[in-house]
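Side-chain atoms are counted along with the backbone in the values below, which use heavy atoms only and exclude waters and symmetry mates. By convention here, the first residue in the shown sequence is residue 1.
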Amino acid sequence: MPDGFFTDWLNGVITITAPTRIEAALKQLKHQRTRTAKKASDKRKSINVQKPNQTNTPPPEQSHFEPCTRSTNLTGAELKQARQSKHWTQAHLASLIGKSTSWVKLVESGRRRIKEDDQVALQKILA
């Protein structure tokens with residue numbers, strides 16, 4: 001072998017290109033995720049910009065959870081109870097408030113505290 005072959009080989013760069021079919025599928029997936037994130041963001045904005053004459057409370061038969069007022073903080077156990085009473089998954093709740101599923105899981109298990117702005121958003125969604 002020529003001198004420096006091994007060093008050149010170690011410093012070499014390998015480029016791997018995915019087939020066009022896979023590249024197209026990845027591009028489509030990225031587009032879908034962007035649309036989903038935009039929908040969740042728009043939904044979150046519509047909850048925060050609610051007009052005074054509109055109500056956001058479901059009929060009593062849909063929820064067995066007593067909504068919190070701003071003076072009380074929602075606990076992880078209460079959040080879990082409210083979510084389950086609405087038959088929502090953690091992923092669905094997370095998409096409504098613009099958080100990750102792991103965030104909801106950590107809050108429900110008591111390993112993460114809910115910030116004040118998230119408290120307000122959750123109370124509006126769960127009311």
(request) Please list, chain by chain and in numerical order, all residues satisfying side-chain hydrogen bond (donor to acceptor under 3.5 Å, both in side chains) with T101, sequence neighbours excluded. (result) none
(request) Would you check, one step at a time, whether the test side-chain contact (heavy atoms from CB on, under 4.5 Å) holds for I125 with W88? (result) CA-CA 12 Å; I125 290 169; W88 291 347; 3.7 Å; yes
(request) Would you give the length of the straight line joining atom NZ of K105 to atom NZ of K80, rounded to the nearest 0.5 angstrom? (result) 10.5 Å
(request) State the CG-CG distance between L122 and N73, to the nearest 0.5 angstrom. (result) 11.0 Å
(message) So R83 and E108, do their side chains get closer than 4.5 Å, heavy atoms only?
(response) yes
(message) So which atom in S102 and which in S100 form the shortest heavy-atom distance, rounded to 0.1 Å?
(response) OG-OG, 3.0 Å
(request) Side-chain contact test, heavy atoms from C-beta onward, threshold under 4.5 Å: evaluate it for T75 versus I114 and give yes or no. (result) no
(message) Using a 4.5 Å cut-off between side-chain heavy atoms of Ile, Leu, Val, Met, Phe, Trp and Tyr, which other residues end up in the same hydrophobic cluster as I22?
(response) L26
(message) Please enumerate all residues that pass ring pair (Phe, Tyr, Trp, His ring centres under 6.0 Å) together with W103, with sequence neighbours excluded.
(response) none
(request) Any chance you could pull the hydrophobic cluster mates of I14, using side-chain heavy atoms under 4.5 angstrom and chaining through other members? (result) I16
(message) Measuring from atom CG of L106 to atom NZ of K99, what distance do you get when rounded to the nearest 0.5 angstrom?
(response) 11.5 Å
(request) Could you go through the side-chain contact (heavy atoms from CB on, under 4.5 Å) check for N11 and F6 one step at a time? (result) CA-CA 9 Å; N11 293 327; F6 188 70; over 6 Å; no
(request) With rounding to the nearest 0.5 Å, note down the distance linking CD1 in I97 to NZ in K124. (result) 13.5 Å
(request) Report yes if the side chains of L10 and F5 come closer than 4.5 Å at any heavy-atom pair, otherwise no. (result) no
(request) For residues 3-30, pull every pair meeting salt bridge (charged side-chain N to carboxylate O under 4.0 Å, His left out), keeping only residues two or more places apart or in separate chains. (result) none
(request) Applying side chain to side chain contact (heavy atoms under 4.5 Å, CB included), name anything that partners K115, two or more places apart in sequence or on another chain. (result) D117, D118
(message) Testing the basics here: between L74 and Q123, what is the closest heavy-atom pair and its distance to 0.1 Å?
(response) N-NE2, 4.4 Å
(request) Mind checking the CG-NZ spacing from L96 to K86? Nearest 0.5 Å is all I need. (result) 10.0 Å
